[in-house]
2 protein chains.
Amino acid sequence: IIRTVKVSKCYLFGITEVHALVDVDFTVKKGDFVAIMGPSGSGKSTLMHILGCLDRPSKGEYYLNGILVSRLSDHELASIRATKIGFVFQAFNLLPRTTALDNVTLPLLYGRQRPNKKLAEEALKRVGLGDRMYHKPGELSGGQQQRVAIARALVANPAIILADEPTGNLATRQSEEIMQLFQELNDDGITIVLVTHEAEIGAHAKRIVRFLDGRIFSDTSVEQR
Amino acid sequence: IIRTVKVSKCYLFGITEVHALVDVDFTVKKGDFVAIMGPSGSGKSTLMHILGCLDRPSKGEYYLNGILVSRLSDHELASIRATKIGFVFQAFNLLPRTTALDNVTLPLLYGRQRPNKKLAEEALKRVGLGDRMYHKPGELSGGQQQRVAIARALVANPAIILADEPTGNLATRQSEEIMQLFQELNDDGITIVLVTHEAEIGAHAKRIVRFLDGRIFSDTSVEQR
Ligand SMILES: Nc1ncnc2c1ncn2[C@@H]1O[C@H](COP(=O)(O)OP(=O)(O)OP(=O)(O)O)[C@@H](O)[C@H]1O
Ligand SMILES: Nc1ncnc2c1ncn2[C@@H]1O[C@H](COP(=O)(O)OP(=O)(O)OP(=O)(O)O)[C@@H](O)[C@H]1O
Ligand SMILES: [Mg+2]
Ligand SMILES: [Mg+2]
């Protein structure tokens, strides 16, 4: 469902080149559950942005469902992003002047039907924020903002969820609840790729891919879940 | 050095009241190293903002070095914030259009002397970002932004460091390096209060204070470090 072929990302910084990703061959089958780990600055978010059609590689190809993404129009990309991919950003990226409920309703605006607020409500309840629906991001704790970002990624029932450090601000019990949620979605057939720096979180996945200096360092299956 | 007496913080939200903190009696001696832990939404950041003179309690008193903070003028508070307290925000709060070096130099602007860029450079090198000094936040990874925020908190040699989830975006080795750094500073006599949701990080402190629903749930010493 996801396949990158020698994907590289190079930032031109003044006269220096920053090689964020180098020759990355990364494949994810439908229904897989992959955890991406690695030190700060090793290229994890850069890869996630390319997978989420939010950025283009400098070199190499990215095939989503067999289609070469670089061939798609901006309009097609926007539609894929809104309907097929649920993205949880490392920095949440919530609209600051908008309530949690409206933030979560956003992806639904791309669909043909009127956005169904009930779906947004349920998504928020699922992440334990039923009593914070009308709070704006500034009126929410860090972990609550993170959970709103997760609810937003789920609301349109995407086929793929790309989550960049989804439990970075959550204590153990709440992290467990979120991972529980991800496992249920994965059991329902949703493909999940998540970035984490915590081993206990990575252990919930079926596969762990480790990054180092922009390259894939290792790719191993996880024992019994 | 830090003493709160029945500190409470209540947000009026429409017709509901959100009790972020309730009757918190929290004391920190000079040279102490305290880890604050607890579920998302339990009041940790709210307390940190009050301790950092960034917010005022709804009820109760906060004494910093024996002085009742609510009696201080905005000017005195600003001066304390810039010179005595190093604050690492949960959301980093870096100036987006400013390089890492200039972001870290900021606290030095409050001093009488010309801001010494060398100090900012050293602080950045200390957190492993010597090669990212001229990058703006948008050109840095999440963990790198976090480390810039840490460097900024250290640069003015504060007596107290308040760090809200300083390793939330860092993988094990880098988290260890940051905790090493904090321990060295603590050995030098700097008082440290940090919020974390990771037990391994909390274990580096001398004391762990756990929050639940806005109140202190437990306050225990940590065994040998
Ligand atoms: N401006 C506000 N208006 C209403 N409620 C608020 C406001 N700011 C914070 N809150 C609420 O206060 C509570 C405590 O927030 P706080 O940020 O202190 O939690 P926290 O322990 O730091 O959580 P986290 O671990 O998720 O960062 C939360 O339930 C939050 O929704
Ligand atoms: N616009 C940019 N210009 C220059 N360098 C950049 C830019 N964006 C990212 N980088 C660099 O690319 C590298 C990879 O960044 P990336 O965000 O992918 O790391 P990461 O693995 O997600 O890190 P973290 O775990 O800290 O979030 C970093 O060293 C970063 O400094
Ligand atoms: Mg990242
Ligand atoms: Mg917080």
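Chain A is the first sequence line, chain B the second, and so forth, proteins listed ahead of strands; every chain is numbered from 1. Only heavy atoms go into these numbers, but all of them, side chains included; no hydrogens, no water, no symmetry mates.
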Between the side chain of A:Glu200 and the main-chain N/O of A:Thr172, is any donor-acceptor distance below 3.5 Å?
-> no

Between chain B and each of A:Gly38, A:Ala171, A:Ser40, count heavy-atom pairs under 4.5 Å; write down the option with the most.
-> A:Ser40

Looking only at heavy atoms, the pair that brings A:Leu140 and A:Gln145 closest together is O-NE2, 3.2 Å

By a 4.5 Å heavy-atom criterion (distance strictly below it), what part of A:Gln144 contacts chain B: side chain, backbone, both, or neither?
-> both

Those residues of residues 7-28 of chain B, ordered by number, that approach chain A below 4.5 Å (heavy atom to heavy atom) | B:Phe13, B:Val18

Do NZ/NE/NH1/NH2 and the carboxylate oxygens of B:Arg56 and B:Asp74 come within less than 4.0 Å?
-> yes

Under 3.5 Å, which donor-acceptor pairs link side chains of residues 120-136 of chain A to any protein atom two or more places apart or in another chain?
unit_1: A:Glu121; atom_1: OE1; unit_2: A:Lys118; atom_2: NZ; d: 3.4
unit_1: A:His135; atom_1: ND1; unit_2: A:Glu139; atom_2: O; d: 2.9

In terms of heavy-atom pairs under 4.5 Å with chain B, which of A:Ala91, A:Ser175, A:Ser42, A:Pro39 leads?
-> A:Pro39

Determine the option with the most heavy-atom pairs under 4.5 angstrom with chain B, choosing from A:Thr167, A:Val195, A:Asn169.
-> A:Asn169

Using non-hydrogen atoms and a 4.5 Å limit, figure out which bit of A:Ser141 sits close to chain B: side chain, backbone, both or neither.
-> side chain

Do NZ/NE/NH1/NH2 and the carboxylate oxygens of B:Lys44 and B:Asp164 come within less than 4.0 Å?
-> no

Do B:Val69 and B:Ile80 come within less than 4.5 Å of each other through their side chains, counting heavy atoms only?
-> no

Could you tell me which portion of A:Glu198 (side chain, backbone, both or neither) has an atom closer than 4.5 angstrom to a non-hydrogen atom of chain B?
-> side chain

Please round to the nearest 0.5 Å and tell me the distance separating atom CD1 of B:Ile160 and atom CG of B:Leu51.
-> 8.5 Å

Proximal component of A:Thr196, with respect to chain B [non-hydrogen, under 4.5 Å] | neither

For A:Lys206 and A:Asp32, what are the C-alpha separation, side-chain angles and deciding distance, and is it a salt bridge (charged side-chain N to carboxylate O under 4.0 Å, His left out)?
-> CA-CA 7 Å; A:Lys206 292 173 183 160; A:Asp32 206 349; 5.5 Å; no

Taking all atoms of both residues into account, what is the closest heavy-atom pair of B:Ile208 and B:Val222, and its distance?
-> CG1-CG2, 3.6 Å

